Amino acid sequence: MHYLALPEEKIRPLSFYLAMEEYVARSTQFPDDLFFMWQVEPSVIFGRNQDVEAEVNLDYCRSHGIHTFRRKSGGGCVYADWSNVMLSYITREAEVSSTFQRYLDLVTGALEKMGIPATSTEHNDILIDGRKVSGTAFYHLPGASIVHGTMLYSTDMENMLHAITPSKQKLGKHGVQSVRQRITLLQDHTDMPLEEIKQFLRQTICSDEITLSPEDVRQIEKLEKEYDDPKWIYRKVN
């Protein structure tokens, strides 16, 4: 497995990393299996076929500086911020179930080496002690497949709850407690700080590194404009 690195460290929006996945998957210049991690400012990312107004509390997001993005994979809404990490896996494998399983095995295997008893489910989630710490989504491009997932370390539970669940039932005073009963955070299971966890995952999953060129970055930034287009983000779906 090859780790995919950027030529410079800088704060980038979530749309850049979605474009980075797609750019690399569509290119024939890269090896078969690639992995990278990324972090973003508070953001909500929702699935290709989701109705943003039905799934995202847009008023809350706007008033709390939370960005909104639509991805090209399916699945539900995800809240991300600096206190968790997003994982991306790109492969030339075309079969969905085996691609998911390969990704899940890589991540759960790395967590197990950290001493964390992680397991995967038939819904392609990763659990610790029966509670969800990571969800995944998939989409296929000609000649490549992409799996991307969350990994909760420590996150703003109020933002997570209110940004993606506008229903009154979930916004009740016990909302955060209810969510915490269903999910877990890595910080609850290890003393390692997030940066050390990222380094451990990288060293465990990947054997070497490939750094994108400045020209690659320019091409990704061009593709990123598609993800930033309000017509894509707020498009109506049936």
Side-chain angles (χ1 to χ4, degrees), residues 1-8 12-40 45-49 69-76 78 80 85-113 118-126 134-151 197-227 232:
M1 181 76 67
H2 309 272
Y3 190 84
L4 194 63
L6 288 163
E8 61 177 337
R12 294 183 180 276
L14 191 149
S15 52
F16 175 87
Y17 298 102
L18 296 178
M20 180 173 165
E21 291 177 334
E22 183 176 347
Y23 170 78
V24 172
R26 290 187 181 279
S27 175
T28 59
Q29 66 174 306
F30 299 101
D32 289 348
D33 291 306
L34 297 160
F35 175 80
F36 67 96
M37 294 174 285
W38 39 287
Q39 291 168 274
V40 292
I45 175 175
F46 46 96
R48 179 185 185 93
N49 297 314
F69 301 93
R70 184 185 297 276
R71 62 180 186 268
K72 294 185 179 180
S73 58
V78 173
V85 63
M86 311 294 281
L87 314 176
S88 295
Y89 171 53
I90 302 153
T91 178
R92 302 303 164 189
E93 172 65 53
E95 209 278 318
V96 177
S97 61
S98 61
T99 300
F100 261 129
Q101 196 58 54
R102 165 72 168 154
Y103 169 85
L104 293 169
D105 288 346
L106 287 168
V107 178
T108 57
L111 292 175
E112 287 171 354
K113 288 183 178 180
T119 59
S120 61
T121 73
E122 62 182 8
H123 299 295
N124 303 310
D125 294 328
I126 295 175
S134 175
T136 58
F138 171 97
Y139 77 105
H140 181 70
L141 292 168
S145 297
I146 296 171
V147 179
H148 41 209
T150 61
M151 183 62 69
I197 290 174
K198 288 166 57 181
Q199 190 65 24
F200 188 93
L201 290 172
R202 179 170 173 169
Q203 292 175 347
T204 303
I205 293 173
C206 302
S207 58
D208 61 11
E209 176 179 296
I210 296 172
T211 302
L212 293 173
S213 69
E215 178 57 28
D216 290 326
V217 173
R218 284 190 287 271
Q219 293 303 317
I220 292 168
E221 290 171 341
K222 289 182 181 179
L223 182 58
E224 180 186 4
K225 294 177 181 178
E226 295 181 15
Y227 289 92
W232 166 250

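For reference, positions follow the sequence shown, starting with 1. The figures that follow rest on heavy atoms only: side chains count, while hydrogens, waters and symmetry mates do not. Owing to the predicted nature of the structure, the values given are computational and were not obtained by experimental measurement.
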* Asked: Going through the checks in order, is the side chain to side chain contact (heavy atoms under 4.5 Å, CB included) test met by Ile126 and Leu111?
  -> CA-CA 10 Å; Ile126 295 175; Leu111 292 175; 4.3 Å; yes
* Side chains of Glu224 and Ser15: donor-acceptor distance under 3.5 Å anywhere? -> yes
* Asked: With a 3.5 Å cut-off and no angle check, do the side chains of His140 and Ser145 form a donor-acceptor pair?
  -> yes
Beyond-backbone contact of [X] with [Y], side-chain heavy atoms, under 4.5 angstrom:
X      : Y      : answer
Leu87  : Tyr103 : yes
Val107 : Met151 : yes
Gln203 : Lys113 : no
Leu6   : Met20  : yes
Arg12  : Val217 : yes
Asn124 : Val147 : no

From [X] atom [atom1] to [Y] atom [atom2], the distance as rounded to the nearest 0.5 Å:
X      : Y      : atom1 : atom2 : result
Ile205 : Met1   : CD1   : CE    : 7.0 Å
Glu21  : Leu141 : CD    : CG    : 10.0 Å
Leu106 : Cys206 : CG    : SG    : 8.5 Å
Met86  : Leu18  : CE    : CG    : 8.0 Å
Leu104 : Thr119 : CG    : OG1   : 10.0 Å
Leu4   : Leu34  : CG    : CG    : 5.5 Å

Measure from the side-chain N and O atoms of [X] to the backbone N and O of [Y], and report whether any donor-acceptor pair falls under 3.5 Å.
X      : Y      : value
Arg71  : Arg48  : no
Ser134 : Thr150 : yes
Tyr89  : Gly149 : no

* Verify the neighbour count for atom CD of Glu122: are there more than 12 heavy atoms of other residues, nucleotides or ligands below 6.0 Å? =>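 For Glu122, atom CD is not crowded (no more than 12 foreign heavy atoms under 6.0 Å).
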To check you understand the geometry: which heavy-atom pair defines the closest contact between [X] and [Y], and what is its length?
X      : Y      : result
Leu212 : Pro7   : O-CD, 3.4 Å
Tyr17  : Gln39  : CE1-O, 4.2 Å
Ala19  : Ile220 : CB-O, 3.6 Å
Gly74  : Ala137 : O-CB, 3.6 Å
Val40  : Ala80  : CG2-CB, 3.9 Å
Arg26  : Pro142 : NH1-CD, 4.3 Å

Ion pair present between [X] and [Y], side-chain N to carboxylate O less than 4.0 angstrom?
X      : Y      : result
Glu226 : Lys72  : yes
Arg102 : Glu95  : no
Glu215 : Arg218 : yes

* Determine the interplanar angle of the Trp232 and Tyr227 rings, folded into 0 to 90°, and report it as parallel if under 30°, tilted if 30 to 60°, perpendicular if over 60°. =>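 Correct class here is perpendicular.
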* Report the relative orientation of the aromatic rings in Phe100 and Phe138; use parallel for angles under 30°, tilted for 30 to 60°, perpendicular for over 60°. => tilted
